Amino acid sequence: DLEDMSTEELDPNCTMAADQVDDSTMKWTMNCPVEGGTSRAEWQVTSAGKTIEGDGKISVSVMGQEMEMTTTFSGKHTGPCS
């Protein structure tokens with residue numbers, strides 16, 4: 001769950017908030033300062049038991065320039081870890 005996510009490597013000025021946590025879906029946002037601007041990440045992960053799907057968007061504003069990156073991912077349980 002979100003509380004188990006490591007934040008040791010995060011800038012202490014970043015803020016993270018769980019927007020939704022239920023049986024199958026977790027959404028969270030993270031806002032961080034960057035040199036000359038700000039960044040915002042929005043993530044969503046949905047589990048259907050042995051499969052997982054998710055997407056994310058990172059928006060960065062630096063010195064008047066805007067940039068946005070998006071990603072999607074999926075996975076499935078293939079067996080126990082060795």
Side-chain angles (χ1 to χ4, degrees):
D1 69 40
L2 190 63
E3 289 79 30
D4 293 336
M5 295 175 68
S6 174
T7 57
E8 291 177 10
E9 308 249 343
L10 287 179
D11 182 318
N13 296 311
C14 292
T15 59
M16 186 185 304
D19 300 322
Q20 176 183 347
V21 179
D22 59 35
D23 290 339
S24 62
T25 301
M26 183 168 72
K27 293 181 182 181
W28 69 98
T29 57
M30 186 169 59
N31 294 290
C32 291
V34 294
E35 189 173 330
T38 60
S39 70
R40 177 178 177 85
E42 301 173 15
W43 296 96
Q44 174 177 310
V45 177
T46 302
S47 173
K50 294 194 179 246
T51 62
I52 190 169
E53 293 184 352
D55 58 73
K57 177 172 74 171
I58 300 172
S59 304
V60 180
S61 175
V62 177
M63 294 187 287
Q65 300 293 314
E66 303 287 329
M67 180 173 46
E68 186 173 284
M69 297 170 277
T70 60
T71 186
T72 60
F73 55 90
S74 63
K76 66 180 180 177
H77 177 76
T78 59
C81 297
S82 20

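From a predicted model like this one, the values you see are computed outputs, not experimental measurements. All values below come from the heavy atoms of this structure, side chains included, with hydrogens, waters and symmetry mates left out.
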Between OG on residue S74 and NZ on residue K76, distance to nearest 0.5 Å: 9.5 Å
OG1-CD distance between T72 and Q44, expressed to the nearest 0.5 angstrom: 12.0 Å
From CD (E42) to OG (S59), nearest 0.5 Å: 6.0 Å
From CA spacing to verdict: side-chain hydrogen bond (donor to acceptor under 3.5 Å, both in side chains), E53, T46: CA-CA 5 Å; E53 293 184 352; T46 302; over 6 Å; no
Atom pair SG/CE of C14 and M30 - distance to nearest 0.5 Å: 6.0 Å
Heavy-atom side-chain contact between M69 and K57 under 4.5 Å: no
Set of residues satisfying side-chain contact (heavy atoms from CB on, under 4.5 Å) with respect to K50, sequence neighbours excluded: H77
Spatial distance of atom CD (Q20) from atom OG1 (T25) [nearest 0.5 Å]: 5.5 Å
Flag side-chain contact, heavy atom, 4.5 Å: V21 against W28: no
From T71 atom OG1 to W43 atom CH2, the distance as rounded to the nearest 0.5 Å: 6.0 Å
Show every donor-acceptor pair shorter than 3.5 Å between a side-chain atom in residues 32-39 and any protein atom, with sequence neighbours excluded, or say none if there are none.
{"unit_1": "S39", "atom_1": "OG", "unit_2": "C32", "atom_2": "O", "d": "3.3"}

